[in-house]
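All chains are named by letter (A, B, ...) in the order of the sequence lines, taking the proteins before the strands, and each is independently numbered beginning at 1. Any value given below was found using the heavy atoms of this structure, including those in side chains, with hydrogens, waters and symmetry copies removed. The structure presented is a predicted model; accordingly, all values stated were derived computationally and were not measured.
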Amino acid sequence: MNDQTTAINKINQAIIKRFPDWVQIDEREGYEGLVVETAQLIPFMEALQDEFGYDSLTSVTGVDYLPEDKMEVVYHIYKSTGGSILVLKVQVPRSNPVVPSLVSLFPGAAFQEREAWDLLGIRFEGHPNLKRILMWEGFAGHPLRKDWREAFYEGEFKPYEDRWPEGKVSKVETSNPYQENIRYPEGFNPETWIPDTEELLLQGTASIKTETDDMGLETEQLVVNLGPQHPSTHGVFRMVAKLEGETVVDLEPVMGYLHRNHEKIGERNTYSMNMPYTDRLDYFCSMSNNFGYALAVEKLLGEKYQPPERAQYIRVIMAELTRILNHFMAIGFFLNDLGAYFTPALYAIKERELILDIFEAVAGSRMMCNYFRFGGVVRDLPDGMEEHIRKMVYERLPRQVDEMDRYLVENEIVVGRSQGVGVLTPEQAIAYSAVGPVLRASGVPYDIRRADPYSIYDRFEFDVAVRYHGDVYDRFLIRYDEIRQSIRILQQAIDTLPEGEILANKPAYKFRMPKGESYGRVEGPKGELGFYIVSDGTDNPWRYHVRAPSFINLTGLREMSLGEKVADLVAILGSIDIVLGEVDR
Amino acid sequence: MKGQGILKGLGVTLKHIIDTYLVDIKTGKDRYYNKDGVRQRMTSDTKGIFTVNYPEERLPLAEAFRYVPFLVYDEENGEQKVRCTACGICAKVCPSQCIWITRAEDPETGKPLKTPAEFAIDIDLCMNCGYCAEYCPFDAIKMDHDFELAGYDRVEANIHLKERLLKPASYYAGIRPLNYALEQKAIAEEAERKAARRAKRN
Ligand code: SF4
Ligand code: SF4
């Protein structure tokens with residue numbers, strides 16, 4: 001831990017030495033990183049990229065410091081060759097929050113800046129397409145601002161006062177009935193409002209072209225709307241594609257249908273209340289979500305909350321089992337997308353079922369596990385579970401992944417449909433802030449478990465899975481590789497699982513939270529899952545942000561799809577492996 | 001050769017079909033519609049398709065399984081003794097704030113009593129997290145195993161009031177035997193320690 005801090009300090013000093021006028025250390029208590037002059041942000045980032053090798057802008061988000069009348073944009077950036085994260089900040093007045101957009105340098109910032117505009121009202125100057133991304137046009141205000149209140153507002157912070165000792169039960173919607181609680185932006189009339197046409201959606205590109213070819217035939221480009229209720233889009237997600245013949249010439253993803261403002265809920269919650277809410281982000285991988293959130297909060301709480309050995313091992317076991325079940329599902333549903341309707345998916349679900357049985361016995365629920373606590377896990381493995389997990393990871397899972405391999409990998413139709421389709425080069429993958437299997441299938445061997453190890457991953461022997469073509473087929477294959485590596489980790493973990501405590505402290509629901517910020521990240525099955533938390537020393541986080549891998553991986557979707565056939569769109573989307581609970585949050 | 005990959009894959013499908021029939025023939029009646037059969041289908045070496053034919057068959061629920069909470073009462077001389085002391089901790093920790101408690105008052109003095117006059121949980125809001133049971137210091141609220149709560153009415157039926165929430169300790173012991181035994185042991189030990197201390201003082 002201390003080595004890491006000194007290393008970060010060294011880097012910070014080197015950067016300050018290089019740009020003495022542009023940056024300064026963030027000296028607020030508990031904060032880390034550097035504050036950059038707003039006007040110099042672009043040249044500074046350029047130099048950081050070229051001279052220091054910081055090429056992966058992983059997270060962009062804002063914080064509303066209402067009491068100080070300031071808005072802050074927080075950037076987390078790292079080198080794709082490994083090492084810890086560098087935190088950069090830009091501060092602007094709250095009345096006119098304008099920040100230069102980084103999209104020209106890091107195209108991966110595109111969606112995140114739109115999100116910060118949508119939810120916090122920070123304007124990014126120079127952004128090619130700065131419009132709402134999760135909310136709709138008829139939405140008034142920017143909901144993550146501290147002075148914005150939701151329709152069913154009950155209080156600034158939980159727990160609410162009126163629940164005890166004189167609690168009178170009532171349904172909150174009766175106190176604020178539907179249609180009386182809706183606010184529209186000024187000048188907005190829902191009756192006369194016409195939703196964005198497809199052409200407007202594809203704004204920023206030339207509008208639909210009509211051409212006359214050599215033979216005198218008039219041809220016209222065509223806009224096709226996939227979703228939002230398409231059975232193959234993995235949830236309520238929409239893609240608007242502009243076609244020339246069958247070739248995709250432009251594409252715009254539309255999302256937010258499942259948006260519930262997870263982050264606002266999180267800021268009303270106490271720290272412990274957020275744990276079960278994280279289950280609902282990527283609902284296939286609640287254990288990994290718990291892991292990321294627990295790490296972020298434990299970083300804030302300090303040494304005293306370092307989980308005991310046994311808890312560390314159990315955490316790793318659960319996280320790796322989650323990766324296996326997620327990848328089985330990804331493989332199965334990818335085949336669904338290709339048109340192999342449900343037999344492969346059901347074979348995958350079959351194996352997942354047995355892992356879910358483990359989760360139910362250990363955590364009490366199959367999907368909404370809520371298993372991690374700050375400083376450990378909630379309960380120990382029940383009797384006989386160790387033996388069961390051992391049998392699974394030594395016998396069944398290796399056998400089943402081999403069978404899945406025999407079943408699908410050489411299948412000529414799968415190969416024909418996916419090889420060479422939807423290519424993302426390594427440079428593009430880094431530029432678009434792709435993470436996880438998407439990044440590694442493009443030939444970038446970046447895995448947080450190795451590059452910036454957390455928990456006890458530095459103790460296990462495993463290889464970082466990597467494939468080099470960056471096409472749909474490689475993204476499909478890399479999931480097999482990762483399952484095999486996870487099985488290796490699991491075998492080592494279950495063999496060396498120590499006895500002992502599972503929680504560093506007595507069970508508690510209230511914590512003395514020091515002031516400061518922290519960013520905890522894990523290599524989730526879908527990639528880097530980060531939690532950015534700002535604590536003002538009270539029981540509730542001041543800012544709670546989720547860096548969602550599914551959401552940010554979609555930034556590269558357009559790039560992957562350009563020039564492909566419309567029939568491949570669904571395959572390309574399937575190969576990214578998204579879960580809408582996490583995309584829309 | 002073109003087509004080899006597909007044939008290989010079809011071989012896997014065929015194996016699945018054969019496995020399923022073979023297992024059925026071999027185990028016969030033992031495999032279906034009885035507890036041991038279902039249990040066998042949950043082990044790591046189960047073969048073939050292992051779908052559980054719900055609702056005729058059911059997966060055995062793990063002890064840790066949690067659905068919505070209920071309140072525990074002890075039976076003493078035919079009387080219900082509600083364990084809850086209306087301390088309000090569960091209402092404080094509840095992430096979705098779906099617990100409402102009215103503390104009882106002494107009708108004469110107006111002083112608060114250590115028991116709830118009313119207790120309500122809106123199970124539409126309950127996210128089944130289990131915090132209430134985890135942090136209740138009196139083992140008075142526990143997570144139920146009964147998940148078949150579908151109904152036609154949303155407003156009234158899904159707000160569980162005290163009468164509906166209360167279940168006897170014997171029911172709790174039935175669904176969570178290990179936990180129950182642990183708690184009883186702790187209570188017995190505590191009582192012993194108290195008795196020892198009292199004996200010393202005398
Ligand atoms: S159920 Fe437990 S935590 Fe809740 S008020 Fe009663 S005694 Fe307190
Ligand atoms: S299970 Fe969780 S959400 Fe439900 S009542 Fe208990 S604390 Fe509240």
R163(A) CZ to C98(B) SG distance, which is reported to the nearest 0.5 Å: 8.5 Å
Atom of W100(B), atom of D162(A) and distance for their closest heavy-atom approach: CD1-O, 4.1 Å
Which portion of R280(A) sits near chain B, non-hydrogen atoms under 4.5 angstrom: side chain
Structural part of L125(B) lying under 4.5 Å from a heavy atom of chain A: neither
Closest approach of A120(B) to V169(A) (non-hydrogen atoms, all atoms of both residues): CB-CB, 3.7 Å
Portion of Y135(B) that has a non-hydrogen atom of chain A nearer than 4.5 angstrom: side chain
Within 6.0 Å of NZ in K26(B), more than 12 heavy atoms from elsewhere: no
Rounded distance (nearest 0.5 Å) linking atom CD1 of I389(A) with atom OG of S44(B): 11.0 Å
V415(A), part contacting chain B, at a heavy-atom distance under 4.5 Å: neither
CD/E56(B): more than 12 non-hydrogen atoms of other groups inside 6.0 Å: yes
Gap separating the OH atom of Y277(A) from the CE atom of M127(B), nearest 0.5 angstrom: 4.5 Å
NZ/K47(B): more than 12 non-hydrogen atoms of other groups inside 6.0 Å: no
Which atoms of D45(B) approach chain A - backbone, side chain, both or neither, heavy atom under 4.5 Å: both
Max heavy-atom pair count under 4.5 Å with chain B, selected residue of M404(A), M392(A), K158(A): K158(A)
T51(B) portion near chain A, given a 4.5 angstrom heavy-atom threshold: neither
Chain A contact via I159(B) - side chain, backbone, both or neither, heavy atoms under 4.5 Å: side chain
Best-contacting candidate, E412(A), R396(A), M273(A), against chain B by heavy atom pairs under 4.5 angstrom: E412(A)
Residue T270(A) versus chain B: region with a heavy atom under 4.5 Å: neither
Closest heavy-atom pair and its distance - L354(A), T43(B): CD2-O, 4.1 Å
For chain A, the option from R41(B), M42(B), M143(B) that forms the most heavy-atom pairs under 4.5 Å: M42(B)
Part of K510(A) within contact of chain B (heavy atom distance under 4.5 Å): neither
Chain B interface, residue from E395(A), K391(A), E360(A) that has the most non-hydrogen pairs under 4.5 Å: E360(A)
Residues E134(B) and R373(A) bridged, charged N to O under 4.0 Å: yes
Within 6.0 Å of CG in D495(A), more than 12 heavy atoms from elsewhere: yes
Sidechain N-carboxylate O distance under 4.0 Å for R103(B), E166(A): no
Closest heavy-atom pair and its distance - N370(A), C129(B): ND2-O, 3.0 Å
Residues, nucleotides or ligands: over 12 heavy atoms within 6.0 Å of Y283(A) OH: yes
Segment of E353(A) engaging chain B (4.5 angstrom heavy-atom cut-off): side chain
Partner chain A: residue of I121(B), D124(B), I49(B), T46(B) with the largest heavy-atom pair count (under 4.5 Å): T46(B)
Part of M368(A) within contact of chain B (heavy atom distance under 4.5 Å): backbone
From L346(A) atom CG to H16(B) atom NE2, the distance as rounded to the nearest 0.5 Å: 10.5 Å
F50(B) side, atom CZ; K350(A) side, atom NZ - distance, nearest 0.5 Å: 5.5 Å
Nearest atoms (heavy-atom pairs only) where A363(A) meets R66(B): O-NH2, 3.0 Å
Under 4.5 Å from a heavy atom of chain A, the part of Q97(B) involved: both
Trace of the side-chain contact (heavy atoms from CB on, under 4.5 Å) decision for Y407(A) with L10(B): CA-CA 7 Å; Y407(A) 181 36; L10(B) 286 176; over 6 Å; no
R399(A), CZ: over 12 other non-hydrogen atoms inside 6.0 angstrom: yes
E501(A) atom CD, over 12 foreign heavy atoms within 6.0 Å: no
Close side-chain approach of M275(A) to Y131(B), heavy-atom, < 4.5 Å: yes
Interface moiety of D357(A) toward chain B, non-hydrogen atoms closer than 4.5 Å: side chain
Atom CD of E189(B) with >12 non-hydrogen neighbours under 6.0 angstrom: yes
Distance-minimising heavy-atom pair for P159(A) and A91(B): CB-O, 4.4 Å
Inter-residue atom distance W164(A).CH2 - I99(B).CD1, 0.5 Å rounding: 13.0 Å
